[in-house]
Amino acid sequence: MKVTAFQQLVYEACKRIPKGQVTTYKLLAQAIGCGSAQAVGQALRCNPFAPEVPCHRVIGSDLRIGGFFGERSGAQITRKLTLLASEGVHFTDNVLAEQSALFRF
DNA sequence: ACCGTGACGGCGA
DNA sequence: TTCGCCGCCACGG
């Protein structure tokens, strides 16, 4: 399993997100000095360290759920929602319910 | 080295 | 407000 330096940065950043909070792809990208949120998503899409790296705590800038393991909807998304719910972060219609749960590094 | 793709974002229509 | 187009950056073929 090949892991690029860039991906390491992304995963490191993810681990900094406190439990019970979430951040956005854009914020995460900025945190590691990358100008593309999409690039971050690309790194997470193949996340080799599933729950070890809390990639489920990363959502879109519009506070929408985003995706999970390459799926914009479906069982995986449900799984992501479930994980977040178990951490105290709740969503309504795939949108973050409590903005106060947004972590800003 | 070139090209197409994507868990994204912002703006204009 | 929703939809589409373009810009973004890293990756795989």
Side-chain angles (χ1 to χ4, degrees):
Chain A
M1 180 76 224
K2 181 182 64 169
V3 181
T4 69
F6 177 72
Q7 294 178 334
Q8 275 300 327
L9 284 171
V10 176
Y11 304 144
E12 285 301 310
C14 274
K15 291 195 229 169
R16 287 188 237 143
I17 306 172
K19 181 182 175 187
Q21 290 193 283
V22 295
T23 190
T24 70
Y25 295 97
K26 185 156 196 341
L27 287 174
L28 203 162
Q30 290 176 32
I32 64 176
C34 177
S36 173
Q38 191 168 34
V40 172
Q42 181 125 183
L44 294 181
R45 148 178 154 18
C46 289
N47 178 14
F49 315 88
E52 184 183 333
V53 171
C55 55
H56 52 277
R57 295 178 191 157
V58 186
I59 64 178
S61 67
D62 56 358
L63 303 187
R64 274 179 85 348
I65 191 60
F68 201 50
F69 286 100
E71 298 183 10
R72 305 279 295 181
S73 63
Q76 298 296 12
I77 293 300
T78 301
R79 177 58 182 156
K80 180 170 179 178
L81 256 14
T82 302
L83 285 168
L84 288 169
S86 67
E87 296 184 355
V89 182
H90 305 122
F91 285 71
T92 301
D93 190 44
N94 286 5
V95 178
L96 182 64
E98 306 293 324
Q99 293 185 23
S100 55
L102 183 61
F103 175 61
R104 287 138 192 290
F105 287 95

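Only a predicted model underlies this, so the values are computations on that prediction, with no experimental measurement involved. The chains referred to below are lettered A, B, ... by the order of the sequence lines, with proteins before strands, and numbering in each begins at 1.
As a whole-Å value, the separation of A:I77 CD1 from B:dA7 P is 10 Å. When rounded to the nearest whole Å, the span between CZ of A:F69 and C1' of B:dG6 equals 16 Å. As rounded to whole Å, 7 Å separates atom C1' of B:dA7 from atom CZ of A:R72. Computed from coordinates, the A:Q30 CD to C:dC8 C1' distance equals 13 Å when rounded to whole Å. In this entry the distance linking OH of A:Y11 with P of C:dA10 reads 14 Å, nearest Å. Residue A:N94 contributes atom CG, which lies 14 Å from atom P of C:dT2 at whole-angstrom precision. The nearest whole Å value for the distance from the CZ atom in A:R64 to the P atom in C:dT2 is 10 Å. Taking atom CG of A:L83 as the reference point, atom C1' of B:dA7 lies 14 Å away to the nearest angstrom.
Heavy atoms of A:C46 sit nowhere under 4.0 angstrom from any nucleic acid atom.
Contact check for A:Q21 versus A:V89: no side-chain heavy atoms found under the 4.5 Å cut-off. Under the 4.5 Å side-chain criterion, counting only non-hydrogen atoms from C-beta, A:H56 is in contact with A:E87. With a 4.5 Å cut-off on side-chain heavy atoms, A:V10 and A:L28 count as touching.
Side-chain atoms of A:T24 do not come within 3.5 Å of backbone N or O of A:I59 as any donor-acceptor pair. A donor-acceptor pair is defined here as one N or O able to donate and one able to accept, closer than 3.5 Å; such a pair exists between the side chain of A:K80 and the backbone of A:G67.
Residues satisfying the side chain to side chain donor-acceptor pair (under 3.5 Å) criterion with A:Q7, sequence neighbours excluded, are absent altogether.
The 12-atom threshold is exceeded at CD of A:Q8, counting heavy atoms of other residues, nucleotides or ligands nearer than 6.0 Å.
In this structure, OG in A:S86 is found 10.5 Å from CG in A:L81, a value given to the nearest 0.5 Å.
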Can you name the atoms? Protein N/O to nucleotides 9-11 of chain B N/O, anything below 3.5 Å, with the distance.
{"unit_1": "B:dG9", "atom_1": "OP1", "unit_2": "A:S61", "atom_2": "N", "d": "2.6"}
{"unit_1": "B:dG9", "atom_1": "OP1", "unit_2": "A:S61", "atom_2": "OG", "d": "3.4"}
{"unit_1": "B:dG9", "atom_1": "OP2", "unit_2": "A:S61", "atom_2": "N", "d": "3.2"}
{"unit_1": "B:dG10", "atom_1": "OP2", "unit_2": "A:S61", "atom_2": "OG", "d": "3.4"}

Output one line per pair: protein atom, nucleotide atom from nucleotides 11-13 of chain C, and distance, for all N/O pairs under 3.5 Å.
{"unit_1": "C:dC11", "atom_1": "OP1", "unit_2": "A:T4", "atom_2": "OG1", "d": "2.4"}
{"unit_1": "C:dC11", "atom_1": "O4'", "unit_2": "A:Q42", "atom_2": "OE1", "d": "3.4"}
{"unit_1": "C:dG12", "atom_1": "OP2", "unit_2": "A:K2", "atom_2": "NZ", "d": "2.7"}

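Using N1 to N3 plus N6-O4 or O6-N4 for Watson-Crick, or N1-O2 and O6-N3 for G-U wobble, each under 3.5 Å, B:dG10 pairs with C:dC5.
Taking all atoms of both residues into account, the shortest heavy-atom contact from A:G66 to A:I77 is O-CD1, 3.8 Å.
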